[in-house]
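Heads up: the structure comes next, in structure tokens.
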Amino acid sequence: MQDIQQEQNIEELSGNIEHIIYRNPQNGFTVMEINAAGTLISAVGEIDDVQVGEDVTLTGYYMQHPTYGDQFKVEMCVKTLPTNATAIRKYLESGVIKGIGAVTARRITDKFGDSSLDIIDNYPEKLAEIKGISIGKAEAISKEFKRIFGIRTAMAQLSSLGLSPGICVKVWKKYGDMASAAIKENPYRLCDAEIGLPFEKADALGYSLGMMKNSGYRIRAGILHILQHNLGNGHTCLPKDKLLAMTQAFLGVDAEEVEGELTETIRDTDVILRDFGEREYIYLPELYKAETYISGKILLLNSVEMGRREPDSELIHRLEERNGITYDETQKEAIRQAAVSNVFILTGGPGTGKTTILNAIIQLAEMKGESVVLAAPTGRASKRMSEVTGRDAKTIHRLLEVDFSEETSPIGPLKFKKNEKNQLKNDLIVIDEMSMVDTMLFEALLRAIRMTSRLVLVGDSNQLPSVSAGSVLRDMIVSEVINTVQLKHVFRQAAQSLIVTNAHRIVNGEQPTINNMAEDDFFLMHRTTANEIEDTLAELCAKRLPKKYGISGIWDVQVLAPGRKGNVGIASLNDWLQGVLNPQRDGKWEHRNEQRTLRVGDKVMQTRNNYDIEWTRYAENTPESKYFTDDAEIEEQGAGIFNGDIGRVLNIDRNDRCVDVIFDDKVARYTFENAGELELAYAITVHKSQGSEYSVVILVLTNPGERLYYRSLLYTAVTRAKKLLIIVGRKDSIAYMVENNRKMIRYSNLRKLLAQGRSYGENIIQ
């Protein structure tokens with residue numbers, strides 16, 4: 001999806017339309033060339049009907065398209081008014097204003113000359129002095145003129161309220177020439193998803209306009225703000241009593257006033273009330289729709305009898321011989337359940353053989369001639385899935401094919417080309433790292449699944465839940481509606497690892513074992529201050545680990561921290577580690593923007609899915625020095641770099657204003673403008689690490705009691721390490737995190753909806 005531009009980048013461009021290159025009549029998307037003071041500029045956007053030769057003023061921003069270069073993205077187009085009688089006459093003769101033809105245009109300009117448009121706009125009664133124009137027709141002409149060009153007045157009025165150009169454009173698009181009146185009546189309309197002004201700014205405007213503290217508009221907006229804010233905390237809904245208390249405290253109004261407005265908000269279906277007996281819950285409509293759809297589709301899939309047969313002992317034995325493995329009884333049960341269930345969950349912690357059984361499930365489906373597709377929530381997770389299965393895996397977004405032609409809501413799902421009308425045709429769909437999948441994404445996935453397909457979900461519900469709202473995997477397991485096998489047995493080889501055994505101790509609420517013996521793979525280096533931690537990280541990454549293990553302190557080691565901020569948040573750690581591991585030197589090119597400095601050789605991470613960034617894969621024998629030369633052997637070209645992908649800055653070209661980054665075997669080219677999507681990755685958050693594994697993990701922990709210090713985060717961090725885990729920080733932080741399991745509580749009713757639906761379905765079947 002295209003990013004919303006920073007408001008300060010909004011500007012105006014005036015000129016004459018020289019050439020219309022492309023126009024989509026369905027949505028008005030237009031590509032055209034503007035002659036602006038002798039310079040041809042490419043302008044693109046959804047633009048009302050314009051013609052070659054017209055003068056226009058465009059409001060928007062400059063952007064860099066990966067293929068077509070510099071373009072002006074049009075948010076608003078206004079045809080510039082002519083200023084002399086001759087030009088005005090030609091303009092009116094064109095039929096742009098209903099009710100004015102060639103004869104009437106000549107009569108108006110003959111009488112009023114250069115002031116003709118001012119008369120139409122501000123003194124329409126004078127038009128009635130002209131033969132053939134009645135008072136009624138004059139008012140109609142003026143009204144049509146104001147409709148076409150009222151945006152100028154509206155923009156000026158909105159700007160006078162202190163709104164930025166970007167917000168003004170959005171308000172105009174939604175409310176038209178009534179924009180200023182609409183906002184003055186209810187400034188909290190600015191908080192609507194289509195406009196997106198933060199509540200606090202709308203509240204400040206409301207105060208300046210004399211809005212009362214207990215205004216119904218303010219209270220309703222506050223209710224919606226609390227619900228939307230808590231989506232970021234993982235809650236798909238809030239208990240009614242909790243929402244009332246939070247809103248009352250946030251707004252500083254009486255409880256009765258909040259309850260009254262909540263009742264009206266429910267009546268208007270701006271929020272949804274659902275009573276589950278012991279407690280009432282309030283949802284935003286999109287989230288309620290998603291949870292109810294998920295429960296309904298899961299129950300419907302479960303109710304379909306496909307007549308699938310369990311694999312017999314002989315077939316399972318063939319799988320064992322093929323893989324050189326002897327499955328235990330729980331693993332065999334997982335293979336059998338996955339073969340016959342329309343929806344099946346495979347879960348378990350590290351060392352329990354999840355990957356082994358996942359491969360068996362896939363192999364069995366292929367032996368039956370079934371079409372299989374594999375996917376995971378992130379690019380890193382899908383890549384790891386490919387590595388452990390030996391098969392292609394996609395991101396869920398790539399599997400469902402994001403539809404960029406559709407507008408999306410900040411709280412709603414992306415629109416996908418794969419949906420109820422265009423479903424996936426695979427017999428078996430396998431989704432890994434299900435703990436990372438949020439409610440809205442899972443709804444979209446289920447909409448694209450046929451009733452005849454099998455869905456296998458793999459994940460560890462003890463890991464961090466999804467960043468966005470919901471606790472889908474955990475809720476489905478707890479509901480006991482879906483056939484689930486939990487692998488618990490830790491196999492002997494894995495049990496020799498303190499990483500594995502400590503992970504299981506942590507998830508069970510037990511303190512990990514820390515011996516710090518030479519043969520151990522789980523260490524604590526006790527440090528208490530930020531300076532001590534930074535010095536230890538530098539020593540480990542630059543000297544001790546490379547010397548002892550013969551590894552790269554940059555590429556084989558990943559530093560993790562709970563959060564971004566603070567003295568030992570990833571922002572500070574990355575600045576420090578960049579200076580130690582990739583310092584500035586003469587001849588080493590850099591690119592600086594407002595956020596950071598990128599340097600050739602830096603370890604960087606892509607921070608959002610971008611399907612437009614082009615990449616090139618060169619043949620294996622092509623040295624890096626030959627990249628971008630005419631004799632380079634290109635193996636494949638494509639587009640798309642995904643959130644969480646980690647790469648190395650290969651080249652910075654100041655002349656072409658681009659940054660080249662190599663991700664594994666793909667070289668991607670960033671313009672300086674979209675290089676802002678890259679951040680340093682010497683240190684990353686534990687959330688960003690989810691779905692990945694690293695040879696060596698260094699986990700930074702400081703003061704116990706920090707907001708992000710909870711059990712599932714510690715468990716997730718520990719399970720990212722394959723060979724060695726080093727905790728740099730305080731031992732009491734570890735103890736605190738093991739004890740703190742409160743973060744796992746998320747308000748969601750998917751479990752209850754599934755359980756209720758199952759009982760209802762059983763009654764129907766009877």
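Because the structure is predicted, anything quoted here is derived from the model rather than measured. Just so you know, these numbers use all the heavy atoms, side chains as well, and skip hydrogens, waters and symmetry mates.
Side-chain N or O atoms of Asn323 include none that pairs as donor or acceptor with a backbone N or O of Glu320 at under 3.5 Å. Side chain of Asp460 to main chain of Asn462: a donor-acceptor pair is present (N/O by atom type, distance under 3.5 Å, no hydrogens or angles). Side-chain atoms of His235 come within 3.5 Å of backbone N or O of Tyr747 as a donor-acceptor pair. Between the Lys240 side chain and the Leu262 main chain, no donor and acceptor come within less than 3.5 Å of each other. Looking only at distances, no side-chain donor or acceptor of Asn230 sits under 3.5 Å from a matching main-chain atom of Leu227. Using a distance-only test at 3.5 Å, with no hydrogens or angles considered, no donor-acceptor pair links the side chain of Glu280 to the main chain of Pro239. Of the possible polar contacts, one joining the Ser382 side chain to the Gly379 backbone as a donor-acceptor pair under 3.5 Å is found. Within the 3.5 Å criterion, the main-chain N or O of Met63 finds no donor-acceptor partner in the side chain of Gln71. Listed for the Asn359 side chain is a donor-acceptor partner under 3.5 Å among the backbone atoms of Val388. Of the possible donor and acceptor atoms, none in the side chain of Thr484 sits under 3.5 Å from a partner among the backbone N and O of Glu480.
Electrostatic pairing of Lys417 and Glu401 does not count as a salt bridge here, judged by no charged N lying under 4.0 Å from a carboxylate O. Ionic pairing of Glu366 and Arg391 is present here: one or more N-O contacts between side-chain nitrogen and carboxylate oxygen are shorter than 4.0 angstrom. The existence of a salt bridge linking Glu329 and Lys332 is confirmed by a sub-4.0 Å separation between a basic side-chain nitrogen and an acidic carboxylate oxygen.
Here Arg617 pairs with Glu636, Asp665 under the side-chain hydrogen bond (donor to acceptor under 3.5 Å, both in side chains) rule; sequence neighbours left out. Every side-chain contact (heavy atoms from CB on, under 4.5 Å) that Val373 has, sequence neighbours left out, goes to Leu399, Asn426, Ile429. Under the side-chain hydrogen bond (donor to acceptor under 3.5 Å, both in side chains) criterion, Glu370 pairs with Arg454, not counting sequence neighbours.
When all heavy atoms of Phe442 and Val472 are compared, the closest pair comes out as CD2-CG1, 3.5 Å. Considering every non-hydrogen atom in both Ala448 and Leu400, the closest pair reads CB-CD2, 3.6 Å. Of all heavy-atom pairs spanning Thr347 and Ser461, the tightest one is OG1-N, 3.9 Å. Closest heavy-atom contact between Ala668 and Ile613: CB-CG2, 3.9 Å. Smallest separation of non-hydrogen atoms from Phe344 and Leu346: CE2-CB, 3.8 Å. The shortest heavy-atom contact between Asn749 and Cys237 is ND2-SG, 3.4 Å.
Below 30°, between 30° and 60°, or above 60°: for Tyr283 and Tyr288 the angle between ring planes is above 60°, a perpendicular geometry.
Annotation: side chain of Gln363 is in contact with side chain of Arg322 (closest heavy-atom distance under 4.5 Å). The closest side-chain heavy-atom distance from Asn233 to Leu231 is not below 4.5 Å. Side chains of Leu287 and Met440 form a contact here, defined as non-hydrogen atoms less than 4.5 Å apart. The side-chain heavy atoms of Val437 and Leu473, taken from C-beta on, include no pair separated by under 4.5 Å. No side-chain heavy atom of Met605 sits under 4.5 Å from any side-chain heavy atom of Leu678. Side-chain contact check for Val490 versus His504: some heavy-atom pair is nearer than 4.5 Å. Counting heavy atoms from C-beta on, the side chains of Thr452 and Met306 come closer than 4.5 Å. Using a 4.5 Å heavy-atom threshold, the side chains of Leu457 and Leu455 count as touching.
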Quick one: do Ile294 and Thr439 satisfy side-chain contact (heavy atoms from CB on, under 4.5 Å)? Show the steps, please.
CA-CA 8 Å; Ile294 290 170; Thr439 299; 3.9 Å; yes
Using the salt bridge (Lys or Arg N to Asp or Glu O under 4.0 Å) rule, take Glu693 and Arg384 through it: C-alpha gap first, then chi angles, then the decisive distance, then the call.
CA-CA 8 Å; Glu693 282 189 340; Arg384 181 166 170 265; 2.9 Å; yes
Take Glu314 and Arg318 through the salt bridge (Lys or Arg N to Asp or Glu O under 4.0 Å) test and state the conclusion after the steps.
CA-CA 6 Å; Glu314 182 181 344; Arg318 284 168 54 193; 5.6 Å; no
Pair Leu487-Lys354, side-chain contact (heavy atoms from CB on, under 4.5 Å): steps then yes or no
CA-CA 7 Å; Leu487 304 176; Lys354 262 200 327 287; 4.1 Å; yes
Residue pair Asp475, Ser748: steps toward the side chain to side chain donor-acceptor pair (under 3.5 Å) verdict:
CA-CA 8 Å; Asp475 283 350; Ser748 161; 2.8 Å; yes
Show your reasoning for whether side-chain contact (heavy atoms from CB on, under 4.5 Å) applies to Thr378 and Thr395.
CA-CA 6 Å; Thr378 65; Thr395 64; 5.8 Å; no
Derivation of the salt bridge (Lys or Arg N to Asp or Glu O under 4.0 Å) call for Lys174 and Asp192:
CA-CA 10 Å; Lys174 182 164 186 177; Asp192 290 351; 2.7 Å; yes
Would Arg450 and Leu424 count as a side-chain contact (heavy atoms from CB on, under 4.5 Å) here? Give the steps.
CA-CA 7 Å; Arg450 299 183 302 172; Leu424 298 166; over 6 Å; no
Asp664 and Lys383: salt bridge (Lys or Arg N to Asp or Glu O under 4.0 Å), yes or no, with the steps?
CA-CA 11 Å; Asp664 297 320; Lys383 181 190 174 190; 2.4 Å; yes
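With hydrogens and angles left out, the side-chain atoms of Lys752 and Tyr281 include a donor and acceptor closer than 3.5 Å. Thr671 and Asn674 share a donor-acceptor pair across their side chains, judged by distance under 3.5 Å alone. Remark: the Gln558 side chain and the Ser695 side chain contain no N/O donor-acceptor pair separated by less than 3.5 Å. Between the side chains of Ser466 and Asp438, no donor N or O sits under 3.5 Å from an acceptor N or O. Side-chain contact annotation: Glu677 with Gln606, donor-acceptor N/O pair under 3.5 Å present. Side-chain contact, Thr716 with Gln463: no donor N or O sits under 3.5 Å from an acceptor N or O. When only modelled atom types and interatomic distance are considered, Arg308 and Asn342 share a side-chain donor-acceptor pair under 3.5 Å.
Atom CH2 of Trp615 and atom CD1 of Ile641 lie 8.0 Å apart (nearest 0.5 Å). With rounding to the nearest 0.5 Å, the separation of OG in Ser479 from CG in Leu750 is 7.0 Å. Asn302 contributes atom CG, which lies 11.0 Å from atom CD of Glu305 (distance to the nearest 0.5 angstrom). Thr355 contributes atom OG1, which lies 11.0 Å from atom CD of Glu387 (distance to the nearest 0.5 angstrom).
When the shell of 6.0 Å around NZ of Lys368 is examined, it contains more than 12 heavy atoms from other residues, nucleotides or ligands. The 12-atom threshold is not exceeded at CD of Glu620, counting heavy atoms of other residues, nucleotides or ligands nearer than 6.0 Å.
By the 6.0 Å and 45° rule, Arg711 does not stack over the aromatic ring of Tyr715.
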